[in-house]
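Both counts, for ligands and for their atoms, begin at 1 and track the order of listing. Computed over heavy atoms, backbone and side chain alike; hydrogens, waters and symmetry mates excluded. Residues: numbered from 1 along the sequence shown.
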Amino acid sequence: MNQQNSRFSRAWAFVIGVCVSVLVVGAASAADGPVKLQTLRGVDVSVNDPVGEGTRFGPDTPVLPRDFVQQPPLIPHTIEGYLISKEFNKCMDCHSWARSKEANATKISITHFKTREGAEMSSVSPQRYFCNQCHVSQTDSKPLVGNTFKPGAGLR
Ligand code: HEC
Ligand code: HEC
């Protein structure tokens with residue numbers, strides 16, 4: 001029993017070891033290539049990335065419909081090369097209240113000024129600073145898993 005247990009745990013140590021090395025090698029090589037598509041479920045994504053070139057952005061379109069009232073609107077334009085760092089936010093060049101008119105872009109809504117503690121800021125809240133956490137640009141890719149979602153009643 002004990003022997004079986006230790007054989008079992010050695011097998012696991014090996015599996016975990018392999019996973020860690022794959023992660024380390026993966027992290028090292030990720031730095032110099034395009035972002036590779038992958039899913040947590042291990043679904044084959046090659047249909048959407050046949051030559052492994054990473055994300056391709058779709059063409060710019062008019063504003064896209066929303067499927068539920070609280071949805072972060074989808075980004076209808078490319079965001080290739082748009083930097084968001086601690087010092088600089090490219091999105092705010094067009095979507096800040098000061099710049100939106102001249103850029104002809106929707107200005108960020110007032111919800112974007114509220115901090116986690118409920119304080120109202122005069123510029124975008126740290127909670128909403130990293131736009132791509134919630135807003136995503138579009139690409140012409142096949143769904144990797146099925147879904148039966150229907151738009152909310154208020155939007156049908
Ligand atoms: C060069 C100016 C510019 C930059 C930079 C820019 N956008 Fe936009 N964005 C626009 C314009 C113009 C529209 C379309 C507005 C319209 O057609 O009413 C738009 C539309 C959007 C919309 C849809 C709004 C809606 O009401 O449906 C979202 C979301 C958005 N952008 C997010 C972003 C994010 C996130 C970034 C940064 C990664 C970004 N944008 C950078 C100009 C810009
Ligand atoms: C935590 C999620 C989150 C983050 C981060 C976030 N947004 Fe939003 N955004 C939303 C949601 C949800 C909505 C729709 C409801 C609302 O207006 O709050 C929205 C709405 C918008 C709209 C449409 C406003 C309107 O009046 O219809 C624009 C434009 C926008 N966001 C741009 C941005 C930009 C630019 C950033 C980064 C500076 C950003 N958002 C960061 C969740 C987020």
Side-chain angles (χ1 to χ4, degrees), residues 16 18-156:
I16 291 166
V18 168
C19 291
V20 169
S21 349
V22 166
L23 281 179
V24 169
V25 172
S29 57
D32 25 40
V35 178
K36 293 273 157 47
L37 300 176
Q38 57 180 9
T39 74
L40 291 174
R41 295 184 185 90
V43 177
D44 178 22
V45 294
S46 58
V47 282
N48 286 320
D49 189 18
V51 285
E53 63 175 0
T55 306
R56 261 168 295 126
F57 289 96
D60 292 2
T61 64
V63 164
L64 296 156
R66 299 187 198 183
D67 285 326
F68 57 101
V69 182
Q70 301 82 355
Q71 178 188 333
L74 300 167
I75 307 177
H77 55 70
T78 176
I79 55 166
E80 192 160 21
Y82 286 6
L83 178 68
I84 305 180
S85 71
K86 222 155 47 118
E87 290 77 29
F88 181 75
N89 185 321
K90 178 65 184 169
C91 315
M92 292 297 278
D93 265 5
C94 299
H95 289 284
S96 72
W97 282 32
R99 306 291 285 281
S100 67
K101 225 183 211 140
E102 151 196 358
N104 209 13
T106 325
K107 58 181 190 285
I108 53 171
S109 50
I110 51 169
T111 54
H112 291 53
F113 294 85
K114 200 185 218 147
T115 66
R116 193 165 51 177
E117 291 76 27
E120 296 287 354
M121 313 292 284
S122 65
S123 187
V124 65
S125 154
Q127 262 206 130
R128 301 276 184 144
Y129 184 82
F130 292 101
C131 320
N132 301 340
Q133 250 175 279
C134 306
H135 298 282
V136 291
S137 57
Q138 302 302 293
T139 186
D140 182 21
S141 60
K142 298 187 182 67
L144 296 174
V145 290
N147 98 65
T148 55
F149 182 82
K150 297 217 165 51
L155 289 173
R156 257 179 253 149

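Looking only at side-chain heavy atoms (C-beta outward), Arg128 and Ile108 stay at 4.5 Å or farther from each other.
At a heavy-atom cutoff of 4.0 Å, ligand 1 is contacted by the side chain of Asn132 but not by its backbone. The proximity of Asn89 to ligand 2, defined as any non-hydrogen pair under 4.0 Å, is limited to the side chain.
The protein atom (non-hydrogen) at minimum distance from atom 14 (C) of ligand 1 is Val63 CG2, 4.3 Å. Nearest to atom 15 (C) of ligand 1 among the protein's heavy atoms is Asn104 O, 3.7 Å. Among protein heavy atoms, atom 24 (C) of ligand 2 sits closest to Lys107 O, 3.6 Å.
Of the possible polar contacts, none joining the Tyr82 side chain to the Asn89 backbone as a donor-acceptor pair under 3.5 Å is found. A donor-acceptor pair is defined here as one N or O able to donate and one able to accept, closer than 3.5 Å; no such pair exists between the side chain of Glu120 and the backbone of Gly118. Within the 3.5 Å criterion, the main-chain N or O of Ser125 finds no donor-acceptor partner in the side chain of His112.
Heavy-atom proximity to Phe130, at under 4.0 Å, picks out these atoms of ligand 2: 5 (C). Close contacts of ligand 2 with Gln70, meaning ligand atoms under 4.0 Å from a residue heavy atom, involve 12 (C). For ligand 2, the atoms lying closer than 4.0 Å to a non-hydrogen atom of Met92 are 38 (C). Each of the following atoms of ligand 2 lies closer than 4.0 Å to a heavy atom of Tyr129: 37 (C), 38 (C).
At least one N or O atom of Arg66 sits closer than 3.5 Å to an N or O atom of ligand 2.
Within the protein, the number of N, O or S atoms lying under 2.8 Å from atom 8 (Fe) of ligand 2 is 2.
The shortest non-hydrogen separation linking Ser96 to Lys107 is O-CB, 4.4 Å.
Using a 4.0 Å heavy-atom cutoff, Ala103 is listed among the residues neighbouring ligand 1.
The set of protein atoms (N, O or S) found at less than 2.8 Å from atom 8 (Fe) of ligand 1 reads His77 NE2, His95 NE2, by chain and number.
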